[in-house]
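Quick note: numbers below take in every heavy atom, side chains included, and nothing from hydrogens, waters or symmetry partners. All residue numbers refer to positions in the sequence shown, counting from 1.
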Amino acid sequence: MSNIAETLLRNKAVTAMEQAAQRVADLRFFEQVQMRLAAGEDLSNELAAFGKVDATTAAETVRELIERCSADLR
């Protein structure tokens, strides 16, 4: 029985680490987008959704996504 419990816990730990790594990658991506927006770059060619909103809305959305990623990693 302890082998089953150990395997289950190990699998959960691996899954949690993989999810955390993906969330860190998301966070870094959004931080880069935020820096590029702050520098005044037009990202509508790279991110189609940005072509549908103004720069203020895009910046606010990216800020919210960064907050969500940070909260998930806590």
Side-chain angles (χ1 to χ4, degrees):
M1 187 72 152
S2 68
N3 285 338
I4 294 172
E6 183 179 327
T7 301
L8 177 65
L9 290 174
R10 182 177 293 123
N11 289 343
K12 286 190 173 280
V14 167
T15 300
M17 293 297 288
E18 289 170 350
Q19 289 173 341
Q22 182 59 51
R23 210 59 175 149
V24 168
D26 293 342
L27 177 62
R28 297 298 175 244
F29 172 77
F30 293 133
E31 289 173 339
Q32 289 175 0
V33 169
Q34 184 179 47
M35 287 188 298
R36 291 176 67 187
L37 287 173
E41 285 189 50
D42 178 15
L43 300 177
S44 60
N45 293 333
E46 296 176 44
L47 301 168
F50 283 1
K52 299 176 184 176
V53 297
D54 60 28
T56 304
T57 303
E60 179 65 23
T61 301
V62 171
R63 186 189 61 74
E64 289 175 11
L65 290 168
I66 289 172
E67 287 177 4
R68 286 183 190 178
C69 287
S70 296
D72 287 349
L73 289 168
R74 280 188 223 120

Colleague: Please walk me through it: do Arg23 and Asp26 pass side chain to side chain contact (heavy atoms under 4.5 Å, CB included)?
Modeller: CA-CA 5 Å; Arg23 210 59 175 149; Asp26 293 342; 3.3 Å; yes
Colleague: Just by distance, do the side chain of Thr7 and the backbone of Asn3 share a donor-acceptor pair under 3.5 Å?
Modeller: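 A pair under 3.5 Å: yes.
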Colleague: Which value, rounded to the nearest 0.5 Å, describes the distance between Leu27 atom CG and Arg68 atom CZ?
Modeller: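 So the gap between those two atoms works out to 13.5 Å.
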Colleague: Kindly determine whether Glu46 and Leu43 satisfy side chain to side chain contact (heavy atoms under 4.5 Å, CB included), including the steps that lead there.
Modeller: CA-CA 5 Å; Glu46 296 176 44; Leu43 300 177; 4.1 Å; yes
Colleague: Could you check Phe50 against Leu47 for side chain to side chain contact (heavy atoms under 4.5 Å, CB included), going step by step and ending with a plain yes or no?
Modeller: CA-CA 6 Å; Phe50 283 1; Leu47 301 168; 3.6 Å; yes
Colleague: Taking all heavy atoms of Val62 and all of Phe30, pick out the closest pair and write down the distance.
Modeller: CG1-O, 3.4 Å
Colleague: Indicate the atoms forming the closest heavy-atom contact of Ala20 with Leu73, along with that distance.
Modeller: O-CD2, 3.7 Å
Colleague: How long is the straight-line distance from NZ of Lys52 back to OG1 of Thr57, given to the nearest 0.5 Å?
Modeller: 14.0 Å
Colleague: Do Val24 and Leu65 belong to the same hydrophobic cluster, where Ile, Leu, Val, Met, Phe, Trp and Tyr are linked whenever their side-chain heavy atoms lie under 4.5 Å apart, directly or via other members?
Modeller: yes
Colleague: Roughly how far apart are Asp42 CG and Leu37 CG, rounded to 0.5 Å?
Modeller: 9.0 Å
Colleague: Name all residues meeting the side chain to side chain contact (heavy atoms under 4.5 Å, CB included) criterion together with Gln19; count only those two or more places apart in sequence or in a different chain, and write none if there are none.
Modeller: Thr15
Colleague: If I take atom CD from residue Glu31 and atom OG from residue Ser70, how far apart are they, to the nearest 0.5 angstrom?
Modeller: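 Here the rounded value is 7.0 Å.
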